[in-house]
There are 2 protein chains.
Amino acid sequence: MLEYAEPDSAELDSVFHALADPSRRAMVDQLSRGTASVSQLAGPLSISLAAVVQHLHVLEQSGLVRSQKLGRVRTCAIQPTPLRVAEQWAADRRAAWEHHLDRLGDYLAQQPPDQRRKH
Amino acid sequence: MLEYAEPDSAELDSVFHALADPSRRAMVDQLSRGTASVSQLAGPLSISLAAVVQHLHVLEQSGLVRSQKLGRVRTCAIQPTPLRVAEQWAADRRAAWEHHLDRLGDYLAQQPPDQRRKH
DNA sequence: GGCATACTCAAGCATCCACTTAGGTATGCC
DNA sequence: GGCATACCTAAGTGGATGCTTGAGTATGCC
(Lines give C-alpha, C1' and ligand atoms only; values in the text may rest on other atoms or scores of the structure.)
Protein backbone atom coordinates (compact mmCIF):
# COMPACT_ATOMS: atom_id res chain seq x y z
CA MET A 1 0.00 0.00 0.00
CA LEU A 2 2.98 2.30 0.19
CA GLU A 3 2.54 4.55 -2.82
CA TYR A 4 5.10 7.20 -1.96
CA ALA A 5 8.10 7.00 0.30
CA GLU A 6 8.01 9.85 2.77
CA PRO A 7 10.31 12.45 1.19
CA ASP A 8 13.05 13.58 3.50
CA SER A 9 13.64 17.24 4.09
CA ALA A 10 16.86 17.31 2.09
CA GLU A 11 15.12 16.00 -1.01
CA LEU A 12 12.38 18.63 -0.79
CA ASP A 13 15.03 21.27 -0.14
CA SER A 14 16.89 20.42 -3.30
CA VAL A 15 13.82 19.99 -5.51
CA PHE A 16 12.15 23.22 -4.45
CA HIS A 17 15.46 25.04 -4.62
CA ALA A 18 16.09 23.73 -8.11
CA LEU A 19 12.67 24.93 -9.23
CA ALA A 20 13.11 28.37 -7.65
CA ASP A 21 15.24 29.67 -10.53
CA PRO A 22 13.64 30.85 -13.79
CA SER A 23 16.46 29.53 -15.99
CA ARG A 24 16.21 26.10 -14.41
CA ARG A 25 12.41 26.11 -14.71
CA ALA A 26 12.79 27.02 -18.40
CA MET A 27 15.11 24.04 -18.80
CA VAL A 28 12.65 21.70 -17.07
CA ASP A 29 9.87 23.16 -19.20
CA GLN A 30 11.79 22.51 -22.40
CA LEU A 31 12.68 18.99 -21.26
CA SER A 32 9.03 18.28 -20.50
CA ARG A 33 8.46 18.53 -24.26
CA GLY A 34 11.31 16.14 -25.07
CA THR A 35 14.96 15.38 -24.43
CA ALA A 36 17.58 17.97 -25.33
CA SER A 37 21.33 18.43 -25.52
CA VAL A 38 23.14 20.98 -23.34
CA SER A 39 23.44 23.47 -26.20
CA GLN A 40 19.79 23.00 -27.09
CA LEU A 41 18.96 23.85 -23.50
CA ALA A 42 21.21 26.89 -23.69
CA GLY A 43 19.66 28.10 -26.94
CA PRO A 44 16.62 29.96 -25.58
CA LEU A 45 18.48 31.28 -22.53
CA SER A 46 20.48 34.49 -22.55
CA ILE A 47 23.24 33.22 -20.29
CA SER A 48 26.56 31.56 -21.03
CA LEU A 49 26.83 27.87 -21.76
CA ALA A 50 28.91 27.44 -18.62
CA ALA A 51 26.05 28.83 -16.57
CA VAL A 52 23.67 26.36 -18.20
CA VAL A 53 26.00 23.51 -17.27
CA GLN A 54 25.98 24.72 -13.66
CA HIS A 55 22.17 24.84 -13.65
CA LEU A 56 22.16 21.35 -15.11
CA HIS A 57 24.25 20.12 -12.19
CA VAL A 58 21.71 21.58 -9.77
CA LEU A 59 18.89 19.88 -11.65
CA GLU A 60 20.73 16.56 -11.70
CA GLN A 61 21.58 16.70 -8.00
CA SER A 62 17.91 17.26 -7.21
CA GLY A 63 17.03 14.26 -9.35
CA LEU A 64 14.80 16.32 -11.64
CA VAL A 65 16.99 15.64 -14.68
CA ARG A 66 19.24 12.81 -15.78
CA SER A 67 21.66 12.90 -18.63
CA GLN A 68 24.05 10.69 -20.49
CA LYS A 69 26.80 11.49 -22.87
CA LEU A 70 27.04 9.87 -26.29
CA GLY A 71 29.98 11.02 -28.30
CA ARG A 72 30.27 14.75 -27.87
CA VAL A 73 26.63 15.26 -27.01
CA ARG A 74 25.06 15.05 -23.56
CA THR A 75 21.38 14.26 -23.80
CA CYS A 76 19.17 15.35 -20.92
CA ALA A 77 15.82 13.95 -19.86
CA ILE A 78 13.37 15.01 -17.20
CA GLN A 79 12.58 12.63 -14.33
CA PRO A 80 8.96 12.78 -13.22
CA THR A 81 9.34 11.43 -9.68
CA PRO A 82 10.84 14.51 -7.97
CA LEU A 83 8.21 16.66 -9.68
CA ARG A 84 5.58 14.44 -8.17
CA VAL A 85 7.22 14.61 -4.75
CA ALA A 86 7.01 18.41 -4.76
CA GLU A 87 3.50 18.30 -6.18
CA GLN A 88 2.37 15.86 -3.50
CA TRP A 89 3.88 17.86 -0.66
CA ALA A 90 1.94 20.94 -1.72
CA ALA A 91 -1.24 18.95 -2.34
CA ASP A 92 -1.08 17.31 1.09
CA ARG A 93 -0.76 20.65 2.90
CA ARG A 94 -3.53 22.16 0.85
CA ALA A 95 -5.78 19.18 1.59
CA ALA A 96 -5.02 19.37 5.30
CA TRP A 97 -5.93 23.05 5.37
CA GLU A 98 -9.16 22.51 3.48
CA HIS A 99 -10.08 19.63 5.77
CA HIS A 100 -9.35 21.88 8.73
CA LEU A 101 -11.65 24.58 7.32
CA ASP A 102 -14.41 22.03 6.81
CA ARG A 103 -14.21 20.84 10.41
CA LEU A 104 -14.16 24.42 11.64
CA GLY A 105 -17.21 25.20 9.53
CA ASP A 106 -19.07 22.19 10.90
CA TYR A 107 -18.19 23.18 14.43
CA LEU A 108 -19.37 26.75 14.00
CA ALA A 109 -22.56 25.59 12.31
CA GLN A 110 -23.33 23.43 15.35
CA GLN A 111 -23.06 26.33 17.78
CA PRO A 112 -26.28 28.20 18.50
CA PRO A 113 -26.07 31.71 17.03
CA ASP A 114 -25.91 33.49 20.41
CA GLN A 115 -22.88 31.40 21.40
CA ARG A 116 -20.76 32.16 18.33
CA ARG A 117 -19.37 35.37 19.68
CA LYS A 118 -17.25 33.40 22.14
CA HIS A 119 -15.33 31.74 19.32
CA MET B 1 -13.22 28.93 -18.77
CA LEU B 2 -10.16 30.53 -17.27
CA GLU B 3 -9.48 28.36 -14.26
CA TYR B 4 -6.01 29.58 -13.42
CA ALA B 5 -4.29 32.79 -14.35
CA GLU B 6 -0.96 31.99 -15.96
CA PRO B 7 1.50 32.41 -13.10
CA ASP B 8 4.30 34.81 -13.91
CA SER B 9 7.88 33.77 -13.38
CA ALA B 10 8.33 36.05 -10.38
CA GLU B 11 5.46 34.41 -8.54
CA LEU B 12 6.84 30.91 -9.14
CA ASP B 13 10.28 32.15 -8.12
CA SER B 14 9.02 33.39 -4.78
CA VAL B 15 6.77 30.41 -4.04
CA PHE B 16 9.37 27.76 -4.85
CA HIS B 17 12.03 29.73 -3.05
CA ALA B 18 9.81 30.06 0.02
CA LEU B 19 9.24 26.31 0.04
CA ALA B 20 12.93 25.50 -0.41
CA ASP B 21 13.75 26.08 3.26
CA PRO B 22 13.00 23.41 5.89
CA SER B 23 12.04 25.91 8.60
CA ARG B 24 9.59 27.62 6.27
CA ARG B 25 8.14 24.29 5.17
CA ALA B 26 7.70 23.34 8.82
CA MET B 27 5.81 26.60 9.33
CA VAL B 28 3.57 25.93 6.33
CA ASP B 29 3.05 22.38 7.56
CA GLN B 30 1.99 23.59 10.99
CA LEU B 31 -0.30 26.21 9.48
CA SER B 32 -1.92 23.57 7.28
CA ARG B 33 -3.28 22.10 10.52
CA GLY B 34 -4.64 25.45 11.74
CA THR B 35 -3.79 29.09 12.33
CA ALA B 36 -0.96 29.95 14.71
CA SER B 37 0.69 32.94 16.35
CA VAL B 38 4.32 33.83 15.66
CA SER B 39 5.53 32.31 18.91
CA GLN B 40 3.49 29.18 18.28
CA LEU B 41 5.26 28.90 14.93
CA ALA B 42 8.59 29.42 16.63
CA GLY B 43 7.89 26.77 19.30
CA PRO B 44 8.90 23.64 17.38
CA LEU B 45 11.82 25.33 15.63
CA SER B 46 15.28 25.61 17.15
CA ILE B 47 15.99 29.08 15.81
CA SER B 48 15.50 32.53 17.28
CA LEU B 49 12.16 34.28 17.16
CA ALA B 50 13.72 36.97 14.98
CA ALA B 51 14.60 34.33 12.41
CA VAL B 52 11.03 33.06 12.46
CA VAL B 53 9.75 36.59 11.82
CA GLN B 54 12.09 36.83 8.84
CA HIS B 55 10.86 33.51 7.48
CA LEU B 56 7.32 34.74 7.96
CA HIS B 57 8.07 37.79 5.80
CA VAL B 58 9.32 35.50 3.05
CA LEU B 59 6.17 33.39 3.31
CA GLU B 60 3.94 36.44 3.25
CA GLN B 61 5.71 37.98 0.28
CA SER B 62 5.21 34.76 -1.65
CA GLY B 63 1.52 34.85 -0.76
CA LEU B 64 1.68 31.47 0.97
CA VAL B 65 0.74 32.96 4.34
CA ARG B 66 -1.33 35.90 5.48
CA SER B 67 -1.45 37.30 8.97
CA GLN B 68 -3.20 39.93 10.99
CA LYS B 69 -2.37 41.39 14.32
CA LEU B 70 -4.91 41.56 17.10
CA GLY B 71 -3.57 43.18 20.23
CA ARG B 72 -0.08 41.82 20.80
CA VAL B 73 -0.66 38.63 18.86
CA ARG B 74 -0.17 38.12 15.13
CA THR B 75 -2.26 35.25 13.84
CA CYS B 76 -1.03 33.52 10.69
CA ALA B 77 -3.03 31.52 8.18
CA ILE B 78 -1.99 29.53 5.14
CA GLN B 79 -3.27 30.60 1.70
CA PRO B 80 -3.98 27.68 -0.59
CA THR B 81 -3.70 29.45 -3.95
CA PRO B 82 0.11 29.74 -4.22
CA LEU B 83 0.41 26.11 -3.13
CA ARG B 84 -1.88 25.20 -5.98
CA VAL B 85 0.11 27.33 -8.41
CA ALA B 86 3.29 25.43 -7.58
CA GLU B 87 1.46 22.13 -7.63
CA GLN B 88 -0.05 22.90 -11.03
CA TRP B 89 3.24 23.97 -12.55
CA ALA B 90 4.84 20.66 -11.59
CA ALA B 91 1.76 18.67 -12.67
CA ASP B 92 1.67 20.37 -16.07
CA ARG B 93 5.32 19.55 -16.83
CA ARG B 94 4.91 16.01 -15.63
CA ALA B 95 1.81 15.60 -17.81
CA ALA B 96 3.60 17.05 -20.83
CA TRP B 97 6.47 14.61 -20.37
CA GLU B 98 4.17 11.64 -19.97
CA HIS B 99 2.21 12.70 -23.04
CA HIS B 100 5.46 12.99 -24.93
CA LEU B 101 6.46 9.48 -23.89
CA ASP B 102 3.09 8.15 -25.04
CA ARG B 103 3.43 9.73 -28.48
CA LEU B 104 6.98 8.45 -28.75
CA GLY B 105 5.79 4.97 -27.83
CA ASP B 106 3.03 5.10 -30.43
CA TYR B 107 5.48 6.26 -33.07
CA LEU B 108 7.96 3.52 -32.32
CA ALA B 109 5.18 0.92 -32.28
CA GLN B 110 4.16 2.01 -35.78
CA GLN B 111 7.63 1.51 -37.20
CA PRO B 112 8.32 -1.90 -38.69
CA PRO B 113 10.88 -3.66 -36.50
CA ASP B 114 13.67 -3.55 -39.12
CA GLN B 115 13.33 0.27 -39.34
CA ARG B 116 13.71 0.99 -35.63
CA ARG B 117 17.45 1.01 -35.68
CA LYS B 118 17.40 4.36 -37.51
CA HIS B 119 15.66 6.14 -34.62
C1' DG C 1 46.55 16.12 -39.44
C1' DG C 2 43.57 20.29 -39.05
C1' DC C 3 39.58 22.37 -37.50
C1' DA C 4 34.98 23.11 -35.72
C1' DT C 5 31.75 21.40 -32.33
C1' DA C 6 30.15 20.32 -27.75
C1' DC C 7 30.89 20.44 -23.74
C1' DT C 8 33.84 20.79 -19.04
C1' DC C 9 36.40 22.88 -15.40
C1' DA C 10 38.39 26.54 -12.47
C1' DA C 11 38.76 31.01 -10.64
C1' DG C 12 36.80 35.25 -9.41
C1' DC C 13 33.13 38.28 -8.04
C1' DA C 14 28.87 40.65 -6.63
C1' DT C 15 24.85 39.46 -4.49
C1' DC C 16 21.72 36.96 -1.69
C1' DC C 17 20.53 33.97 2.33
C1' DA C 18 19.76 32.28 7.02
C1' DC C 19 20.98 33.33 11.15
C1' DT C 20 22.46 35.75 15.31
C1' DT C 21 22.52 39.47 18.91
C1' DA C 22 21.00 43.69 20.70
C1' DG C 23 17.77 46.87 21.24
C1' DG C 24 13.12 48.64 20.40
C1' DT C 25 7.75 49.21 20.58
C1' DA C 26 3.10 47.97 21.71
C1' DT C 27 -0.18 45.47 24.59
C1' DG C 28 -2.26 43.22 28.71
C1' DC C 29 -2.44 42.59 33.56
C1' DC C 30 -1.74 43.82 38.43
C1' DG D 1 2.80 53.11 37.14
C1' DG D 2 5.46 48.69 36.81
C1' DC D 3 6.36 44.57 34.58
C1' DA D 4 5.94 40.58 31.62
C1' DT D 5 4.56 39.19 27.05
C1' DA D 6 4.64 39.26 22.04
C1' DC D 7 6.49 40.85 18.42
C1' DC D 8 9.54 43.98 15.38
C1' DT D 9 13.81 46.03 13.40
C1' DA D 10 18.61 46.77 12.40
C1' DA D 11 23.27 45.48 11.87
C1' DG D 12 26.61 42.10 11.17
C1' DT D 13 28.52 37.61 9.59
C1' DG D 14 29.71 33.32 7.26
C1' DG D 15 28.45 30.76 3.60
C1' DA D 16 25.84 29.72 -0.66
C1' DT D 17 24.33 31.27 -5.34
C1' DG D 18 24.41 32.79 -10.19
C1' DC D 19 27.12 34.50 -13.24
C1' DT D 20 31.22 35.59 -16.05
C1' DT D 21 35.68 34.81 -18.52
C1' DG D 22 39.34 31.95 -19.85
C1' DA D 23 41.17 27.89 -20.52
C1' DG D 24 40.92 22.94 -21.31
C1' DT D 25 39.43 18.11 -23.34
C1' DA D 26 37.11 14.94 -26.28
C1' DT D 27 34.68 13.93 -30.55
C1' DG D 28 33.35 14.12 -35.49
C1' DC D 29 34.35 15.44 -40.10
C1' DC D 30 37.26 16.79 -44.10
Query raised in the report: OP1 or OP2 of C:dT25 less than 4.0 angstrom from a side-chain nitrogen or oxygen of B:R72, does that happen here?
Result: no

In whole Å, I'd like the distance from the [atom1] atom of [X] to the [atom2] atom of [N].
X	N	atom1	atom2	answer
A:D13	D:dA16	CG	C1'	13 Å
B:H17	D:dT17	NE2	C1'	10 Å
B:R74	C:dG28	CZ	P	14 Å
A:Q68	D:dT27	CD	C1'	17 Å
A:M27	C:dC7	CE	C1'	13 Å

Query raised in the report: What is the base-pairing partner of C:dG23, counting Watson-Crick and G-U wobble geometry with both distances under 3.5 Å?
Result: D:dC8

Requested in this report: Hey, could you give me the OG/CH2 distance between A:S32 and B:W89, rounded to the nearest 0.5 Å?
Outcome: 7.5 Å

**Report entry** Atom pair NZ (A:K69) and OG (A:S37), whose distance is rounded to the nearest 0.5 Å
**Finding:** 11.5 Å

Requested in this report: Find out whether B:P80 and A:E98 are in side-chain contact, i.e. whether some heavy atom of one side chain is under 4.5 Å from a heavy atom of the other.
Outcome: yes

Report summary line: Applied to residues 18-43 of chain A, the salt bridge (charged side-chain N to carboxylate O under 4.0 Å, His left out) test, sequence neighbours excluded, yields A:R25-B:D13, A:D29-A:R33, A:D29-B:R93

Query raised in the report: Which of the following nucleotides, D:dT17, D:dA6, C:dC7, is nearest to the side chain of A:K69?
Result: C:dC7

Requested in this report: For A:S67, check side chain to side chain donor-acceptor pair (under 3.5 Å) against everything at least two apart and list the hits.
Outcome: A:E60, A:R74

Query raised in the report: Which ones in residues 36-67 of chain B lie close to DNA chain C, meaning a heavy atom under 4.0 Å from one of its atoms?
Result: B:I47, B:S48, B:A50, B:A51, B:Q54, B:H55

Report task. Keeping the roles fixed (side chain from A:Q30, backbone from A:Q40), state whether a donor-acceptor pair exists under 3.5 Å. Result -> yes

